[in-house]
Protein chains: 2
Amino acid sequence: MGSTLTPGVPTTADLMEAVAAVGTAYFHDFAAAAARHGLTSSQAKALKAVQEPVPMRALAGRLGCDASNVTGIVDRLESLGLAGREAAAADRRVKIVTITPAGARTLEAIRADMTRAHEAFGSLDEEQREALGRLCRQVLPLLTGGQ
Amino acid sequence: MGSTLTPGVPTTADLMEAVAAVGTAYFHDFAAAAARHGLTSSQAKALKAVQEPVPMRALAGRLGCDASNVTGIVDRLESLGLAGREAAAADRRVKIVTITPAGARTLEAIRADMTRAHEAFGSLDEEQREALGRLCRQVLPLLTGGQ
DNA sequence: TATTGTTATACTCTATAACTATA
DNA sequence: TATAGTTATAGAGTATAACAATA
């Protein structure tokens with residue numbers, strides 16, 4: 001499946017497939033950890049994005065979805081007692097989402113619960129961690145287009 | 001944000017965040033490419049999984065979802081003329097999903113259309129590609145739990 | 001007029017359970 | 001009885017459009 005010209009050096013297509021496989025497996029681990037605590041991955045992602053108070057509109061930006069979706073996601077977090085809404089003093093149109101103590105505890109528990117991810121990245125030595133971190137930093141801005 | 005003990009060497013938490021960011025950006029690029037061709041990411045993923053004929057049940061396994069979902073996904077691909085169902089000769093219960101010539105063209109177009117991903121992974125030199133590929137191969141089996 | 005958050009609507013993905021036709 | 005595919009149902013995520021309150 002690799003390049004036939006230079007054995008061991010993957011082609012761009014090979015690399016994309018390898019990165020996609022790692023990404024899929026990582027998100028699977030994340031979703032499983034969230035589910036163990038009664039949350040979907042979107043809800044867990046929102047909880048993570050709300051560690052510091054964030055207006056609804058800005059939260060939509062962080063989650064990469066339309067603002068209309070955030071209403072339902074925050075509704076569910078609120079009904080679970082994990083997040084709350086506060087009116088902004090400066091502009092009475094905006095509502096600021098805050099995490100509750102229970103939400104912070106759940107978030108920490110999910111992080112600690114990502115056992116496979118910890119095993120996987122913990123298995124790398126210093127040199128490998130440095131290399132992977134550097135490669136991610138190089139690749140990411142091109143993938144996101146600078147945003 | 002990095003380890004304060006060894007500058008340049010990311011902690012496990014840092015690495016997870018970096019990999020998650022790359023994974024997110026990659027899947028965003030994939031979804032955008034699929035959307036440009038009128039498909040959702042699940043549909044594009046299914047099309048990719050069906051390059052060789054696959055029974056419905058096995059397709060569910062490849063997509064990591066329940067078999068009941070596959071019916072709808074393949075229905076939509078079929079209505080777009082990108083895939084088809086054939087009865088299996090050996091066991092008349094099983095239906096085998098096949099990709100059509102139009103489906104194969106669409107899949108190839110989506111692959112070619114992943115512009116940001118090509119830029120990102122194409123920017124790496126041979127040594128970097130080899131390192132990234134090797135790191136993915138080391139990390140993946142731990143993330144998937146051996147499956 | 002423009003913006004923030006919400007609601008209404010519609011589609012897709014997802015799982016569970018029940019059904020059918022085969023085996 | 002067991003299995004493959006489907007259908008029915010329900011919940012969640014997603015986008016678009018329209019709306020009320022505020023700026």
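Quick note on labels: first sequence line is chain A, next is B, and so on, each numbered from 1.
- For the contact set between residues 68-77 of chain A and DNA chain C, defined by any heavy atom under 4.0 Å, the members are Ser68(A), Thr71(A).
- DNA chain C lies under 4.0 Å from at least one heavy atom of each of the following residues of residues 89-99 of chain A: Arg93(A), Val94(A), Lys95(A).
- Listed by chain and residue number, nothing satisfies the salt bridge (Lys or Arg N to Asp or Glu O under 4.0 Å) test with Arg137(A) (two or more places apart in sequence, or in another chain).
- Listed by chain and number, the residues in a side chain to side chain contact (heavy atoms under 4.5 Å, CB included) with Val54(B) are Ala58(B), Leu59(B), Arg62(B) (sequence neighbours excluded).
- A close approach under 4.0 Å does occur between a side-chain nitrogen or oxygen of Arg85(A) and OP1 or OP2 of dT6(C).
- Residues from residues 58-67 of chain B with heavy atoms under 4.0 angstrom of DNA chain C, sorted by number: Cys65(B), Asp66(B).
- The shortest side-chain heavy-atom distance between Val94(A) and Arg57(A) does not fall under the 4.5 Å cut-off.
- Judged as a side chain to side chain contact (heavy atoms under 4.5 Å, CB included), and not counting sequence neighbours, the contacts of Ala102(A) are Leu82(A), Thr100(A), Arg105(A).
- By the salt bridge (Lys or Arg N to Asp or Glu O under 4.0 Å) test, Arg36(A) pairs with Asp113(A), sequence neighbours left out.
- When atom types are taken as modelled, the side chain of His28(B) and the backbone of Thr24(B) share no donor-acceptor pair closer than 3.5 angstrom.
- Applying the side chain to side chain contact (heavy atoms under 4.5 Å, CB included) test to Gln138(B) and every residue at least two apart in sequence or in another chain returns Ser123(A), Leu124(A), Gln128(A).
- Applying the side chain to side chain contact (heavy atoms under 4.5 Å, CB included) rule to Ser68(B) yields the partners Asp66(B); only residues at least two apart in sequence or on another chain are considered.
- One N or O on the side chain of Gln43(B) and one on the backbone of Thr40(B) form a donor-acceptor pair closer than 3.5 Å.
- For the segment residues 28-40 of chain B, no residue has any heavy atom less than 4.0 angstrom from an atom of DNA chain D.
- Looking only at atom types and distance, the side chain of Arg129(B) has no donor-acceptor partner in the side chain of Thr11(A) under 3.5 Å away.
- Judged by distance alone, with hydrogens and angles left aside, the side-chain atoms of Glu130(B) form no donor-acceptor pair with the main-chain N or O of Glu127(B) at under 3.5 Å.
- The shortest side-chain heavy-atom distance between Phe121(B) and Leu132(B) falls under the 4.5 Å cut-off.
- For DNA chain D, the outermost nucleotides in 5' to 3' order that have an atom under 4.0 Å from a heavy atom of chain B are dA2(D) to dT7(D).
- In this structure, the separation between OG1 on Thr106(B) and CG on Leu80(B) is 8.5 Å, given to the nearest 0.5 Å.
- For the side chain to side chain donor-acceptor pair (under 3.5 Å) condition, the pairs that include at least one residue of residues 75-84 of chain B, sequence neighbours left out, are Asp75(B)-Arg85(B), Glu78(B)-Arg85(B).
- To the nearest 0.5 Å, the span separating CG on Leu63(A) from CG on Asn69(A) amounts to 9.0 Å.
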